[in-house]
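Accompanying notes for the structure given below.
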Amino acid sequence: MPAPTATMTAMDVDALLAQEPQPATHTREGETVGTDQVHPVLRIRVHRQLVPLGVIGTLWAGGAVAASRPDKALPILGLYLSVAILYWWVKGRRAADPYERQRRKRWTTIITVCGTAWLSVASVSSAGGAQAALLLAAGSVMGIPYWIKNRIPVPGTGSRLEPLVTAPAAGSTDVEVDPNPGLWAASVGSPHGMLAGSTLTAEETLPNGALAYTVNLLPGKQSAEQVGSPAVLPLIASGLHRSLAELQPDQHPSGQQNLARILIMKPSGNPLMRVTIHPGLDAAYDLATGTAAFATYADGSHVRWAFYEPKIGMRSGPVFGGTRVGKSTLLELFGKQAASTGFISVWPGCPSGGASFPGLLAGAPFPARSRERMLEQARLAVLIMQIRGALGGLRGEVGKLHVPTPQAPCILLIWDEIHKIFQETWDGRAEIIELARQIVCEGSKFGIGLIAADQTPGTEVFGGNEALRANLWVRQAVMLRTGSTSAGGILPGLTINPASLPEFWPDGSRTQGLGLHTGGQSGAMMRTWWPEGLPTMESLPHPELEPVIAASLGSRWANRLGDAEDERMLNAGRYLANLPADVLAAMAAQEPELAQAARLFQARSTGRAAPATPSAETLEGWWQLPAPPTLNMRAPEHPVLRTPGVRRVHEVVSGGVKKRADIIAHADLAPQTVDAALKALKDAELLLNPSHGVWEKAPAAA
């Protein structure tokens, strides 16, 4: 092995790191050397070895004073406890890794308790003789882990070498050798490492202080997806002596699978670990590209969502995420951002009575709080596509993109909980699936787009319609943390499985808004902005449709806001359906609007008007409602459907998939499992088998 010289460069050090055997070193950040090169293993850090002896000596001195001056025992004990508690707090906070913080706090607590016991014993007896011998013996035993950790290494033992500390050449400036490439080569890229043969190069310092590197992988043996996988990333963190909060994997800007990118940063400098307030709708939107920033990557760059792009048209895309991860907040942000442009009319829809984003529904030009109204939104959106297509044909502009203006705006539908309209059985299910497919596949050139959101991205969520699902996320998608372990394989372009995203950061804060975005230049984790201080939907511009289109839509468009208000009242009335008459009367006396909602719901359900003066007597007999058809009450579930595999096959066939091979593909189950499920469903008379290999839902089960 060549002897180290005073003129060695970082490349020389990296070359030296790759050689075996290599002596150990314990170079620490912030240490300096003299004018000659000094190998760290030759520097005897006596002060580190004397720390436990210093603690033992200090405790003995305190005990001796307490034994000779009993009146000073309590002040000495109080001083020791104060210093120990302060030291315990500092040692815990200085560790970035939560497990290291707990280990430091636990060890410091043990030392504090033992020291307090010694001082107490010494104050009532003596600090000499057997007591002093016991203190020395116990302190030495407790100091063994510290001495092992800070031992003086012996050169030539063959242990792994950390980067050398070299003295700068005469007349040169100080250059700090970066340890990360060497640590990578010594552990991750070593012959027995997880990514054997890989190297870390092309260091770049980002504006936020993070270090970015290119990971060079072995072509044909390793891929960029491995770097960010839950199985490999913890081992990389271990090899680089880092916590997971300090590492951020990413795809390489070149797109090559034999290259990856990794960021190394301090947790305090990671933008993903803090809440970022939205800078304002005008500041986030870029008119030239039709995109708006809505989140931040770990390197400080912004994540952008495309609304209307020149030469492409109106853009669609899905948003997926589990409960309480920031999905509804992001949808509200998208809706307000689109409305702020002045040339996009936002039509939000929630089949759960508007619970997903009430701040987006209030003041929207066409809100929908039920799947029936969402179906009406889809009908009018497709009708607008047809009218604009006909106008383009008359003008000789067939195939030309619709250019939005405040007088001829684009339409953006934002739907949440799409499984309730595409997957669940109801009267308008087949129609709304086909209308949504037309919007996603053909609507961009007519200025119609759809943002669809749900908790999971499976095919069944889209009613088994692969054309709808595939075309929705062909260009862009957002995936927040989800409980679905199969989401990473379903959504193309993800380098990290969304199910592996953490729920909490090391400091205990929630990771709400943490997720992934496809369609941009980065596959790294992002965190969405918090929409604090953004204007309400009522205060944002809502452009009117072209006069010819508004006239063509007729009363369905003209009465949309009144119908939406009736729908809001009906939703409130549904909650009152099973209340006793005396309870309803008491509520109506305090809140007149509840009585109005009850009257509307009763009139729609039974055709009978409510009494003009609601009271317990007048409401008795009138408020005994059967389960109204609009509530879509479902029949009791068949026992055979309690088996997950059988339920999955039943959902796929109910979605319109008939052939056995297609059922296997859509159900994502083994052929034997699918065959057993089909037989069980046939025996239960839930499915029919009219011909060989063809299955359909039985009429009685429809």
Side-chain angles (χ1 to χ4, degrees), residues 210 212 215 223-234 236 244-245 247-253 255 257 260-263 265 270-276 291-306 315-331 333-334 451-458 461 469-470 472-505 510-530:
V215 182
S223 67
E225 293 185 0
Q226 290 178 266
V227 177
S229 69
V232 176
L233 190 59
I236 294 177
L244 286 175
L247 299 184
Q248 177 61 65
D250 194 3
Q251 65 186 26
H252 196 266
Q257 283 298 302
R261 193 166 181 256
I262 192 165
L263 274 61
M265 69 196 76
N270 190 342
L272 304 183
M273 296 183 65
R274 58 176 180 266
V275 176
T276 302
T291 62
F294 68 94
T296 303
Y297 288 119
D299 61 2
S301 60
H302 294 162
V303 193
R304 308 192 72 85
W305 181 270
R315 292 277 291 268
S316 299
V319 175
F320 297 107
T323 57
R324 311 303 297 174
V325 299
K327 174 169 56 71
S328 298
T329 300
L330 180 59
L331 294 176
L333 176 58
F334 281 163
I451 296 179
D454 207 272
Q455 297 180 10
T456 57
V461 173
R469 185 189 71 88
L472 182 64
W473 59 40
V474 68
R475 291 186 177 274
Q476 60 182 354
V478 169
M479 176 69 79
L480 303 178
R481 184 172 55 82
T482 177
S484 173
T485 56
S486 61
I490 294 177
L491 193 62
L494 294 184
T495 57
I496 304 173
N497 192 327
S500 66
L501 296 176
E503 183 178 0
F504 297 95
W505 291 117
R510 285 191 173 273
T511 60
Q512 189 175 32
L514 188 69
L516 307 165
H517 174 253
T518 64
Q521 296 298 315
S522 177
M525 288 193 295
M526 63 167 196
R527 188 170 189 183
T528 59
W529 295 339
W530 186 252

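Because the structure is a prediction, the values reported are computed rather than measured. All residue numbers in this chain count up from 1 along the given sequence.
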Check your understanding: Would you say the side chain of T291 lies within less than 4.5 Å of the side chain of W305, judging by non-hydrogen atoms?
Key -> no

Exercise for review: Hey, could you give me the CD/CD distance between Q251 and E225, rounded to the nearest 0.5 Å?
Suggested key: 9.5 Å

Check your understanding: Can you tell me how far NE2 of H517 sits from CE of M479, rounded to the nearest 0.5 angstrom?
Key -> 12.5 Å

Check your understanding: Do P271 and R527 have side chains that get closer than 4.5 Å, going by heavy atoms?
Key -> no

Check your understanding: Which pair of non-hydrogen atoms, one from V303 and one from T296, has the smallest distance, and what is that distance?
Key -> CG2-N, 4.0 Å

Review point. Can you find a heavy atom in the side chain of I236 that is under 4.5 Å from one in the side chain of I262?
Key: yes

Revision key, fill the gap. In short, M526 meets A295 closest at the heavy-atom pair SD-CB, 3.9 Å

**Study point:** Partners passing side chain to side chain contact (heavy atoms under 4.5 Å, CB included) against P502 (at least two apart in sequence or in another chain)
**Key:** W505, T511, L514

Point to revise | Counterpart residues, side chain to side chain contact (heavy atoms under 4.5 Å, CB included), relative to A298 (two or more places apart) | key: Q248, L263, M265, N270, L272

**Study point:** Enclosure of R324 CZ (heavy-atom neighbours >12, cutoff 6.0 Å)
**Key:** no

Check your understanding: From Y297 OH over to M525 CE, what is the distance, rounded to the nearest 0.5 angstrom?
Key -> 12.0 Å

Point to revise | Separation between NZ of K327 and OG1 of T528, rounded to the nearest 0.5 Å | key: 12.5 Å

Review point. How about P498 and L516: do any of their side-chain heavy atoms sit closer than 4.5 Å?
Key: yes

Review point. Would you call P318 and I451 a side-chain contact if the rule is heavy atoms closer than 4.5 Å?
Key: no

Review point. Are P457 and W473 side-chain neighbours, meaning at least one heavy-atom pair lies under 4.5 Å?
Key: yes

Revision key, fill the gap. Residue set satisfying ring pair (Phe, Tyr, Trp, His ring centres under 6.0 Å) with W529, at least two apart, ordered chain then number -> H278, H302

Check your understanding: Sequence neighbours excluded, which residues qualify as side chain to side chain contact (heavy atoms under 4.5 Å, CB included) partners of Q512?
Key -> W530

Exercise for review: Return yes if some donor-acceptor pair links the side-chain N/O of D454 with the main-chain N/O of F320 below 3.5 Å, else return no.
Suggested key: no

Exercise for review: Could you pull out all residues at least two apart from V325 that satisfy side chain to side chain contact (heavy atoms under 4.5 Å, CB included)?
Suggested key: L480, R481

Review point. For the side chain of T482 and the backbone of Q455, is there at least one donor-acceptor N/O pair under 3.5 Å apart?
Key: yes

Check your understanding: Side-chain contact, heavy-atom cut-off 4.5 Å: V319 with L331?
Key -> yes

Review point. Just how far is it from atom CZ of F294 to atom CG of L333, taken to the nearest 0.5 Å?
Key: 8.5 Å

Review point. Can you name the residues that form a side chain to side chain donor-acceptor pair (under 3.5 Å) with E503, not counting sequence neighbours?
Key: R510

